[in-house]
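This report refers to the structure that appears directly beneath it.
All heavy atoms count here, side chains included; hydrogens, waters and symmetry mates do not.
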Amino acid sequence: MKAKPTESELEILQVVWQKEKVTVREVHEHLASIKDTGYTTTLKQMQNMHGKGLLHRDEQNRTHTYTAAIEEQATQKNLVQNFMASAFGGSAKNLVMQALGQGNPSKEELDEIRAFLDQIENEK
């Protein structure tokens, strides 16, 4: 991974991954709907993210557009691996047990988890 995104950068990346191509205004409007943030803060963060290699910027039009320079799934995998190593001593079991204990997974989510575990078991 080029750079490890911060929590606020991950919020921006979530919007970019969802919409694929965005302007600063679009990202700001989304973020402003869920938290108190200024347009110039969003602009500066996105400029910094471009500098860090997290976003690509298309400067051909008057309004610059941004796309993700890193893949969502690869980023999530890398972040989980780092978190699992540092917080859970590398134990996937401890990570999963803690995660499941924090919420109240629906029956559908539990069914998906069981199916995923079955798939992993069958691949071995």
Side-chain angles (χ1 to χ4, degrees):
M1 183 183 300
K2 296 174 181 170
K4 180 180 171 187
T6 65
E7 189 173 328
S8 59
E9 289 171 343
L10 280 171
E11 289 176 333
I12 291 170
L13 282 168
Q14 289 295 330
V15 178
V16 177
W17 287 325
Q18 179 185 13
K19 297 183 181 240
E20 296 182 13
K21 187 175 183 180
V22 296
T23 63
V24 174
R25 172 83 43 215
E26 290 170 321
V27 172
H28 171 69
E29 287 174 358
H30 175 81
L31 294 178
S33 72
I34 56 175
K35 70 178 191 175
D36 185 28
T37 188
Y39 177 85
T40 55
T41 301
T42 304
L43 172 63
K44 188 65 178 168
Q45 282 184 308
M46 291 178 71
Q47 289 171 337
N48 289 341
M49 291 171 71
H50 175 258
K52 288 171 67 175
L54 299 173
L55 294 176
H56 294 299
R57 181 173 57 211
D58 181 353
E59 301 175 0
Q60 290 182 346
N61 298 318
R62 185 172 179 267
T63 302
H64 298 171
T65 56
Y66 291 83
T67 56
I70 58 175
E71 294 180 4
E72 181 177 18
Q73 201 166 29
T75 302
Q76 290 171 341
K77 181 179 179 180
N78 188 281
L79 291 171
V80 168
Q81 284 175 338
N82 291 341
F83 182 65
M84 187 170 64
S86 63
F88 296 95
S91 172
K93 175 192 75 109
N94 290 344
L95 171 66
V96 170
M97 297 298 280
Q98 186 67 27
L100 289 175
Q102 294 302 309
N104 189 13
S106 68
K107 181 179 178 347
E108 292 80 19
E109 288 174 320
L110 290 172
D111 289 343
E112 285 182 45
I113 292 167
R114 280 189 192 95
F116 184 67
L117 291 173
D118 289 344
Q119 177 187 344
I120 291 171
E121 200 169 67
N122 289 336
E123 290 174 359
K124 290 188 176 191

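With sequence neighbours left out, Asp111 forms a salt bridge (Lys or Arg N to Asp or Glu O under 4.0 Å) with Lys107, Arg114. Contacts of Gln60 classified as side-chain hydrogen bond (donor to acceptor under 3.5 Å, both in side chains), with partners at least two apart in sequence or in another chain: none. The side chain to side chain contact (heavy atoms under 4.5 Å, CB included) test applied to Glu72 returns Gln14, Trp17, Gln76, not counting sequence neighbours. The salt bridge (Lys or Arg N to Asp or Glu O under 4.0 Å) test applied to Glu26 returns no partner, not counting sequence neighbours. Under the rule for a side-chain hydrogen bond (donor to acceptor under 3.5 Å, both in side chains), the partners of Ser8 that lie at least two apart in sequence or sit in another chain are Thr6, Gln45. Scanning for salt bridge (Lys or Arg N to Asp or Glu O under 4.0 Å) contacts around Glu20 gives an empty result, with sequence neighbours left out. Contacts of Asp58 classified as side-chain hydrogen bond (donor to acceptor under 3.5 Å, both in side chains), with partners at least two apart in sequence or in another chain: none. Evaluation of the side-chain hydrogen bond (donor to acceptor under 3.5 Å, both in side chains) rule for Glu123 yields Gln119 as partners, not counting sequence neighbours. Take Arg25 and apply the salt bridge (Lys or Arg N to Asp or Glu O under 4.0 Å) test, not counting sequence neighbours, and it matches no residue.
The only option from Thr37, Leu43, Leu55, Val22 that meets the side-chain contact (heavy atoms from CB on, under 4.5 Å) definition with Val27 turns out to be Val22.
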- Item | Lys21 and Val16: CA distance, side-chain angles, deciding distance, side chain to side chain contact (heavy atoms under 4.5 Å, CB included) verdict | CA-CA 6 Å; Lys21 187 175 183 180; Val16 177; over 6 Å; no

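Two residues are said to be in side-chain contact when any heavy atoms from C-beta on lie closer than 4.5 Å; Tyr66 and Thr23 fail this criterion. Taking 4.5 Å as the limit, some side-chain heavy atom of Leu100 sits within range of a side-chain heavy atom of Ile113. With contacts defined as side-chain heavy-atom distances shorter than 4.5 Å, the pair His50/Met46 does not qualify. Within the 4.5 Å cutoff, the side chain of Thr65 has no heavy atoms near those of the Asn61 side chain.
Summarising the geometry, atom CD1 belonging to Ile70 is positioned 9.5 Å from atom NE2 belonging to His56; distances are rounded to the nearest 0.5 Å. With values rounded to the nearest 0.5 angstrom, His28 atom NE2 is found 9.5 Å from Ser33 atom OG. Going from atom CG of Leu79 over to atom NZ of Lys77 covers 12.5 Å, rounded to the nearest 0.5 Å.
Between Ala69 and Gly53, the shortest heavy-atom distance links the atoms CB-O, 3.2 Å.
Note on Val96 and Met84: separate hydrophobic clusters, where clusters join Ile, Leu, Val, Met, Phe, Trp and Tyr whose side-chain heavy atoms are under 4.5 Å apart, directly or indirectly. Note on Leu95 and Met97: separate hydrophobic clusters, where clusters join Ile, Leu, Val, Met, Phe, Trp and Tyr whose side-chain heavy atoms are under 4.5 Å apart, directly or indirectly. Linking Ile, Leu, Val, Met, Phe, Trp and Tyr whenever their side-chain heavy atoms come within less than 4.5 Å leaves Leu10 and Val80 in two separate clusters.
Counting non-hydrogen atoms of other residues, nucleotides and ligands closer than 6.0 Å to CD of Glu59 gives a total above 12. For Gln73, the CD atom is loosely surrounded, since the number of other residues' heavy atoms within 6.0 Å does not exceed 12.
Formation of a donor-acceptor pair under 3.5 Å by the Thr75 side chain with backbone atoms of Glu71 is found in this model.
Residue pairs meeting the ring-ring contact (aromatic ring centres under 6.0 Å, His included) criterion with at least one member in residues 103-124, sequence neighbours excluded, do not occur. Applying the ring-ring contact (aromatic ring centres under 6.0 Å, His included) test to residues at least two apart or on different chains, the pairs with a partner in residues 75-100 are Phe83-Phe88. Legend: salt bridge (charged side-chain N to carboxylate O under 4.0 Å, His left out) pairs involving residues 6-19, not counting sequence neighbours, sorted by first then second residue: Glu9-Lys52, Glu11-Lys35.
Side chains of Asn122 and Asp118: no donor on one and acceptor on the other come within 3.5 Å.
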